[in-house]
Amino acid sequence: MGIVVTRKALLLLSAALGLCLAAQAQAQETAPPLPRVEPVPSPDLQDRATQVPPPSVEAASANPDEVQFTADQLDYDYENDVVTASGDVRLNRRSDRLRADRIVWNRKTGQVVAEGNIVIVNPEGDAAYGDRIELTDTLKDGAVENMLVVLEAGGRIAAQRGRRDNGIITVENAAYTPCAVVDTDDCPKEPSWKITARRVVYDPNRKRIRYTGARISVFGFASIPLPAFSHPAGGTSDDGFLTPDVRLDRTNGFQIALPYYFSFAPNRDLTVTPRVFTNTLPMLQADYRALESFGAYRVSAYGTYSRRADDLTVPVTPATSSNNFRGYLDAVGRFQLSPEWSASTSLRITTDRTFLRRYDISRDDRLRNNVRVERIDQDSYFSINAWAVQTLRVGERQGLQPFVLPELDYRRRMDDGLLGGRFEFQVNTLAIGRADGQDSQRAFASARWDLRKLTAWGQEVTFTAYGRADAYNTHDTLLTTVPSYRGDEGFQFRGIAAAAIDVKWPLVGEFLGGTQRITPRVQIVAAPKLENLAVPNEDARAVDLEDSNLFALNRFPGYDRFEDSTRFTWGVDYSLYLPGFTVDANVGQSYRLSSRPTIFPDGTGLTDRVSDIVGRTVVRFRDFISFTHRYRIDKDDFSIRRNEIDATVGSRSTYFQIGYLRLNRNIGATLEDLQDREEARIGGRVQIARFWSVSGSILVDLTNRDEDALSQADGFDPVRHRLGVTYEDDCLRLGLTWKRDYETTGDARRGNSYLLSLAFKNLGR
């Protein structure tokens, strides 16, 4: 026997069933609970109704374990104690939600059966879809036919049948993929990769999926068996193997690396990677990372036992090499001890000069180790710094590499000083040592005053006064091969003074529908003659006139040398701003009043009284074109002494890059920094299809013996190149790269290398 109950009677019936009903808008009528339903169908029905006293709606709503639901129609079978809801049925219990076209609830057995357009969502946000679902009346457990689970963390699980017990989902004959299963036209498509298995278990509390009898398929045809396999869901971290790394190397042969990931905590992890080669012994790599409340750090270590070359100028042979432990340590960290105080470190140490290049870890030719403590506030800066250098260059002696213990630097700024200007004070000490070379110590104290004023005509005038007192102590100066870098033995003292006036006159107006600005600039700097060569030169060696230091008070890059002359510098800055298009350019030159010999080396652009002409031009057109040109033109014959071009044309997906550098400085071979050089860098990427792209780059040495007498190049020598093809969509990245090195350094031999990269997105870490 059954009875059809309309929306108006839902409130009473839900109370009789022990449910808290949240009816839809048309059913939410505020009427007092009715004591009974008339006409009463039978005495038995009346007895059943009195056995379940109808609680009030307020009391039911206060119980979070009771089920709330809405439905278009409700059918109650009193004899079998079965409730049938149809229409747009929605059930809610705590954070569990279910929607279906029809739900049948057997109150005697506690079984709930949902049919038609079913969606069930758990508290974690995972949604299960199916044709028919059997649940308990708590909505926690149940079984599903023709099941699809969409995980909140990302990914889909499809199966013929599945069940949920205490929140754990178990499915049979299932498939998992995080990839899109429809194309841009909403038509079904094969996912880029998927995992099929006899049995799949998903634990939402651990966010982990486990498989039994699994196989992974790529593009529907490449199938790899995975008898026992599990992975975190949605990019969360957990212990397990990561994607293998496969390479074919010119020196080490075929290489395969299988990383294993240890997740100690959400903020700490360790990855251990054994690397196996066909041409040499295996290598072990370990990477530890940690993120703490006060900072973060990372430590990477490599270790192996193999033959290495002691003489980098000849190829490796048994007579020129020996078996030794070889390795590399790379550690970086930064810690914020307070809002003002911080500490940072960078440690990079390797056992020999060719390890990094041979195993394709890095191409650096010098490794700098640094430990620093800093304090920074609004008006002051203080640092304690220590560093050491390890050279990997052919022919350089490690004993001549500097180490600093320590460097102290303190600076303080004071506004509203004399005449409303700004004062900057600095105290600096530095101790440089070498195992087999010159040692020196330096200390100085300086003060600088700047006053900026605007005239009635719009000129910007800046007055500058600078003074400094230096003290040096030098030992073993004859161990430095370049005389101008040595200084005098023992203690030396030096006083520095300079004054400058800098005038800018910005002229702004409309042009071509945009705005242009022309800014003529003139600077006058006066400084008395100094005994620069009496003190050592440790930090001011690589000097070159360029647009960035044309108007600097001191055009040497460091503290050990100071430009002691009176000079005039003139130039002009130009800017043009149009919709989507900008141009920024500057050009300038300087003239020195003094005729005495300069300490600038020949070829720097500053040797004569009249300097070379330097400038920079930057052109940008939206995000499509970026062009930068920096140059230095000889003042006598207008030959180009420095020519540097960096250009990028294209979009984010398809672009072309070119870089060109030519240094024609005519500096003698006795000086060690910035020799003549000419090189070109070319790179690009082409999006050939929606998910497919081709990329490549090449570095070419254009230097010949006319430019550098020490160069072994013939004017067109490739240094290295790279060419690769990549497929990348929403869940898979697959790439093949070909690299070639054209130089042999010890046991890092020239030749080809091939790298196969495969990354399954949303699969683990």
Side-chain angles (χ1 to χ4, degrees), residues 267-268 287-301 329-350 362 364 366-391 401-417 421-434 439-450 464 466-473 496 535-542 548-549 552-554 556-562:
N267 63 320
R268 291 183 289 114
D287 300 276
Y288 181 81
R289 303 182 305 174
L291 175 63
E292 307 293 348
S293 60
F294 56 86
Y297 61 94
R298 172 188 57 81
V299 180
S300 298
L329 177 65
D330 181 4
V332 294
R334 183 169 183 85
F335 311 98
Q336 196 68 37
L337 308 178
S338 72
E340 295 82 19
W341 285 94
S342 65
S344 61
T345 181
S346 175
L347 303 177
R348 303 181 66 194
I349 306 172
T350 184
S362 171
D364 292 339
R366 284 178 177 170
L367 302 181
R368 176 163 173 160
N369 299 272
N370 174 263
V371 178
R372 183 192 302 268
V373 177
E374 294 177 297
R375 186 188 187 280
I376 303 175
D377 60 26
Q378 184 175 356
D379 296 313
S380 68
Y381 170 81
F382 173 71
S383 72
I384 305 174
N385 189 20
W387 50 266
V389 174
Q390 180 183 9
T391 182
Q401 303 307 308
F403 56 87
V404 172
L405 289 172
E407 179 186 14
L408 303 178
D409 191 30
Y410 176 74
R411 308 178 192 186
R412 183 163 187 84
R413 180 182 62 194
M414 297 177 58
D415 294 323
D416 298 327
R422 168 181 291 182
F423 276 105
E424 293 182 5
F425 302 95
Q426 181 178 7
V427 178
N428 180 280
T429 66
L430 175 68
I432 295 180
R434 294 175 176 86
D439 300 332
S440 61
Q441 297 85 43
R442 179 192 71 200
F444 72 80
S446 68
R448 175 168 175 161
W449 172 78
D450 291 285
T464 300
Y466 180 78
R468 198 175 89 193
D470 300 342
Y472 284 83
N473 185 23
I496 297 174
V535 300
N537 184 3
E538 297 281 6
D539 64 2
R541 299 181 179 183
S548 60
N549 64 5
L553 192 65
N554 178 30
F556 282 98
Y559 297 110
D560 291 336
R561 292 289 181 265
F562 195 88

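Along the sequence shown, residues carry numbers from 1. Note that this is a predicted model, so its numbers are computed, not measured.
- To the nearest 0.5 angstrom, Asp379 atom CG is 9.0 Å from Met414 atom CE.
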Test side chain to side chain contact (heavy atoms under 4.5 Å, CB included) on Arg411 and Glu424 and set out the steps. CA-CA 7 Å; Arg411 308 178 192 186; Glu424 293 182 5; over 6 Å; no
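- Judged purely by distance below 3.5 Å, without hydrogens or angles, the side chains of Tyr472 and Asp560 pair a donor atom with an acceptor atom.
- Looking at Asn428 and Arg442, their side chains come closer than 4.5 Å, going by heavy atoms from C-beta outward.
- A 4.5 Å side-chain heavy-atom check between Asn369 and Ile349 finds at least one atom pair inside the cut-off.
- The backbone N or O of Ala552 sits nowhere less than 3.5 Å from a side-chain atom of Asn549 that would complete a donor-acceptor pair.
- The line from CD of Glu538 to CD of Gln441 is 10.0 Å long, rounded to the nearest 0.5 Å.
- Heavy-atom minimum distance, Ala540 versus Gly558: CB-N, 3.8 Å.
- The structure places OG of Ser383 at 7.5 Å from CG of Leu408, a figure rounded to the nearest 0.5 Å.
- Both cation-pi conditions hold for Arg468 and Phe444: the charged atom is under 6.0 angstrom from the six-membered ring centre and inside a 45 degree cone around its axis.
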Kindly determine whether Arg368 and Ser346 satisfy side chain to side chain contact (heavy atoms under 4.5 Å, CB included), including the steps that lead there. CA-CA 8 Å; Arg368 176 163 173 160; Ser346 175; over 6 Å; no
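- Judged purely by atom type and a 3.5 angstrom limit, Arg413 uses its side chain to pair as donor or acceptor with the backbone of Gln378.
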Using the rule given for salt bridge (charged side-chain N to carboxylate O under 4.0 Å, His left out), can you reason through Asp330 versus Arg298, listing the C-alpha separation, both sets of side-chain angles and the distance that settles it, and then say yes or no? CA-CA 8 Å; Asp330 181 4; Arg298 172 188 57 81; 3.7 Å; yes
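- Ring pair Phe382/Trp341 is perpendicular by interplanar angle, where above 60° counts as perpendicular and below 30° as parallel.
- With contacts defined as side-chain heavy-atom distances shorter than 4.5 Å, the pair Thr350/Leu367 qualifies.
- The two residues Trp387 and Pro402 make their nearest non-hydrogen contact at CZ3-CG, 3.9 Å.
- Residues Asp470 and Ile496 have side chains in contact (heavy-atom distance under 4.5 Å, counting atoms from C-beta outward).
- The shortest distance between side-chain heavy atoms of Arg434 and Asp439 falls below 4.5 Å.
- Sorted by first then second residue, the salt bridge (Lys or Arg N to Asp or Glu O under 4.0 Å) pairs that include residues 335-348, not counting sequence neighbours, are Arg348-Asp364.
- Distance check, rounded to the nearest 0.5 Å: CG of Asp409 to CD1 of Ile384 gives 11.0 Å.
- Donor-acceptor pairing under 3.5 Å is lacking for the side chains of Arg561 and Asn554.
- Between atom CG of residue Asp450 and atom CZ of residue Arg422 there is a gap of 8.0 Å, rounded to the nearest 0.5 Å.
- By the 4.5 Å heavy-atom criterion applied to side chains, Tyr410 and Phe425 are not counted as neighbours.
- Side-chain atoms of Arg448 and Leu553, non-hydrogen and from C-beta on, do get closer than 4.5 Å to each other.
- The two residues Ala388 and Phe403 have their closest heavy-atom pair at CB-CB, 3.8 Å.
- Using a 4.0 Å cut-off between charged side-chain N and carboxylate O, Asp287 and Arg289 make no salt bridge.
- Remark: Glu374 CD to Ser342 OG distance equals 4.5 Å, nearest 0.5 Å.
- Between Asn385 and Val404, the shortest heavy-atom distance links the atoms O-CG1, 4.3 Å.
- Between Arg268 and Tyr288, the closest side-chain pair of non-hydrogen atoms falls below 4.5 Å.
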